[in-house]
Amino acid sequence: MEEAGKTDGLGIKPLLRVLGRQHEAVPPVWMMRQAGRYLPEYRAVREKAGGFLDLCFNPTLATEVTLQPVRRFGFDAAILFSDILVIPLALGRKLWFVEGEGPRLEPLADAEALLSVRQEADQKLLAPIYETVRRVKSELGSTTTLIGFCGAPWTVATYMVAGQGTPDQAPAKNLAGQAPEAFQYIIDCLVDASVDYLARQLEAGADAVQIFDTWAGSLPPQDFERWCVQPTKRLIAKLRARRPGAKVIGFPRGAGKNIPRYVDETGVDAVSLESGIDRGFAREQIQSRVPVQGNVDPLLLRAGGGALDREVDDVLNAFSSGPFIFNLGHGILPDTPIAHVERMLKRVRGR
Ligand code: CP3
């Protein structure tokens, strides 16, 4: 098996083979947010760490929680345990997490506030995260892919401007409309900080990286081009200038019909698909361009039973005849029973 994998030049990690456009009879599997609160072993470490950020910046504990889901389920990928909002923190913004609610930052109210954000990320602050990547890498089996990540500039900016998650990203959209040049400045800072962040993750041993653009779908076409496509394109071009051949998965969540354009312009190696997307469209217009990942509805994973079985079968029927990575359309929900994850994996792997 290993020899066959090596001789075609694509290596022995199934997920990396798919990113190299190889079709795998049984698709590699992992889950967004696979290290998280649905796991009792995660909750135990989380309690020991104190706050969520204490966990992100503690290489011993972050390594442990990164590996937990891989050990328990035999996933084909480990995703670095961290958060997209450590970049604003490294750019000098205050960041804290409110228990049961989510992230909070000091909001950026106007153009002047945007322009006051520092340009250079504090790499010393981020050093423990690269140390986690090194440690995870040294403990992973030879067939498991290590995925690093960052948030896309637009999505990170939505949190920086509003100071928290918002249902419609109105604060960022308004400020981008009122002060496009100042907004461009913050986007450019995020592009450069993210390039550096991802390049260092790859240097520390990440095999591939994913760019999470959770709020890409809230942008109308013109703004999608300016605030999602162009920054992502520059981010990837600059990353590949530093790390030639860097493998990048894009996740422009909610972008639907705009995804083919996103693929063509940004140069992503693969796209992660949200749950709502039309599967015929995705197969014909997206998977014909690049390998795809995702799409299983996290609500149906939580529901389990026959509804989950049908969802797994529908997703496999839609995508498994081409290069495909089995995953969810968004993060696993914290109240998802572990037995449902096991049931899903059995069905995908046929045992
Ligand atoms: O297992 C993994 O997927 C790796 C780790 C990871 C986390 N966040 C850990 C986390 C990744 C890849 C992220 C990405 C992230 N973070 C995104 C993009 C993906 C998405 O979900 O849309 C966003 C928007 C964030 C910002 C963020 N972090 C929010 C909005 C929240 C609160 C919501 C929540 O689920 O609690 C977080 C906290 C967070 N990030 C947790 C985890 C495991 C929960 C923290 C806890 O233990 O209480």
Side-chain angles (χ1 to χ4, degrees), residues 29-58 61-73 75 77-89 93 95-105 129 132-133 136 145-160 162-167 169 172 190 194 197-198 201 206 208-218 249-255 272-275 293-294 298 302 327-336 341:
V29 190
W30 67 283
M31 294 191 309
M32 286 190 261
R33 285 288 176 92
Q34 65 188 22
R37 285 166 296 189
Y38 74 106
L39 289 177
E41 61 268 36
Y42 170 83
R43 294 196 299 267
V45 175
R46 170 81 162 73
E47 211 164 296
K48 197 161 81 182
F52 170 66
L53 283 175
D54 298 316
L55 181 49
C56 292
F57 287 108
N58 180 323
L61 299 181
T63 299
E64 172 58 20
V65 295
T66 301
L67 294 171
Q68 282 172 345
V70 178
R71 276 193 216 118
R72 184 189 267 270
F73 300 113
F75 285 127
I79 181 160
L80 164 68
F81 190 84
S82 178
D83 198 82
I84 66 168
L85 299 176
V86 299
I87 288 296
L89 189 67
R93 307 304 299 164
L95 169 69
W96 65 102
F97 283 80
V98 179
E99 213 48 60
E101 290 186 33
R104 295 288 182 276
L105 299 111
I129 294 175
T132 301
V133 175
V136 171
T145 299
L146 176 53
I147 299 175
F149 72 93
C150 71
W154 162 250
T155 285
V156 175
T158 65
Y159 288 95
M160 291 177 78
Q164 62 184 75
T166 48
Q169 295 73 59
L190 289 168
S194 304
Y197 185 49
L198 293 183
Q201 291 179 33
V209 293
Q210 177 156 324
I211 301 175
F212 286 88
D213 212 345
T214 303
W215 302 119
S218 68
I249 304 169
F251 181 33
R253 181 172 160 265
S272 207
L273 302 172
E274 74 239 26
S275 312
Q293 164 181 284
R302 183 174 65 183
N327 202 322
L328 307 180
H330 200 190
I332 182 171
L333 298 161
D335 53 349
T336 303
V341 178

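Order of listing sets the numbers, starting from 1, for every ligand and every atom in it. The residues of the chain are indexed from 1 along the displayed sequence.
Proximity of F251 to ligand 1, defined as any heavy-atom pair under 4.0 Å, is not found for any part of the residue. Counting heavy atoms under 4.0 Å from ligand 1, residue T155 does not touch it at all. Residue contacts with ligand 1, taken as heavy atom pairs separated by less than 4.0 Å, involve S82 solely via the backbone atoms N, CA, C and O. By the criterion of a heavy-atom distance under 4.0 Å, both the backbone and the side chain of R33 are placed next to ligand 1. Of the heavy atoms in Q210, none comes closer than 4.0 Å to ligand 1. The proximity of H330 to ligand 1, defined as any non-hydrogen pair under 4.0 Å, is limited to the side chain.
Heavy-atom proximity to F81, at under 4.0 Å, picks out these atoms of ligand 1: 43 (C). Those atoms of ligand 1 with a heavy atom of R46 less than 4.0 angstrom away are 46 (C), 47 (O), 48 (O). Near P103, meaning under 4.0 Å from one of its heavy atoms, ligand 1 places the atoms 29 (C), 30 (C), 31 (C), 32 (C). Less than 4.0 angstrom separates some heavy atom of T214 from each of these atoms of ligand 1: 18 (C), 19 (C), 20 (C), 22 (O), 24 (C).
Side-chain contact between L95 and Y159 is absent, with no heavy-atom pair separated by less than 4.5 Å. Counting heavy atoms from C-beta outward, V98 and Q164 have side chains that stay 4.5 Å or more apart. Contact annotation: the side chain of I129 approaches that of Y197 to within less than 4.5 Å [non-hydrogen atoms, C-beta and beyond]. Looking at heavy atoms from C-beta onward, P69 lies out of side-chain contact with M31 at the 4.5 angstrom threshold.
Of the inter-residue distances, the one linking T214 atom OG1 with E274 atom CD reads 11.0 Å to the nearest 0.5 angstrom. Once rounded to the nearest 0.5 Å, the distance linking CD1 of I211 with CD1 of I84 reads 12.0 Å. To the nearest 0.5 Å, the span separating CZ on F251 from CG on L273 amounts to 8.5 Å. Here I87 contributes atom CD1 and M160 contributes atom CE; the two are 10.0 Å apart, rounded to the nearest 0.5 Å. Within the model, atoms SG of C150 and CG of L85 stand 11.5 Å from one another, a figure rounded to the nearest 0.5 Å. Annotation: the span from Q293 atom CD to M32 atom CE amounts to 6.0 Å, rounded to 0.5 Å.
Using a 4.0 Å heavy-atom cutoff, T66 is absent from the residues neighbouring ligand 1. Under the 4.0 angstrom criterion for non-hydrogen atoms, W215 is not in contact with ligand 1. Not a single heavy atom of G331 sits closer than 4.0 Å to an atom of ligand 1.
Checked for salt-bridge contact, E99 and R37 miss the test: no charged N lies under 4.0 Å from a carboxylate O. Between E41 and R72, at least one side-chain nitrogen of the basic residue sits less than 4.0 Å from a carboxylate oxygen of the acidic one, meeting the salt-bridge criterion.
An N or O contact shorter than 3.5 Å is missing between Y159 and ligand 1 by distance. Taking only nitrogen or oxygen atoms, main chain and side chain alike, A35 reaches within less than 3.5 Å of ligand 1. Of the polar atoms of E99, none of the N or O atoms is found under 3.5 Å from an N or O of ligand 1, judged by distance alone.
Annotation: atom 47 (O) of ligand 1 to nearest protein heavy atom, Y42 OH, 2.5 Å. Nearest to atom 11 (C) of ligand 1 among the protein's heavy atoms is F149 CZ, 3.6 Å. At the top of the distance list for atom 14 (C) of ligand 1, counting protein heavy atoms only, stands I84 CG2, 3.7 Å. The single protein non-hydrogen atom nearest to atom 34 (C) of ligand 1 is R37 NH2, 3.2 Å, given as residue, atom name and distance. Regarding atom 26 (C) of ligand 1, its nearest protein heavy-atom neighbour is D83 OD2, 3.5 Å. Ranking the protein heavy atoms by distance from atom 4 (C) of ligand 1 puts L80 O, 3.5 Å first.
When the heavy-atom distances from atom 41 (C) of ligand 1 to Y38, F212, F52, F97 are ranked, the shortest goes to F52.
In this structure, F52 and F97 have perpendicular ring planes: the angle between them is above 60°, well past the 30° mark.
Counted by atom type alone, Q169 and S218 present one or more donor-acceptor pairs between their side chains at under 3.5 Å.
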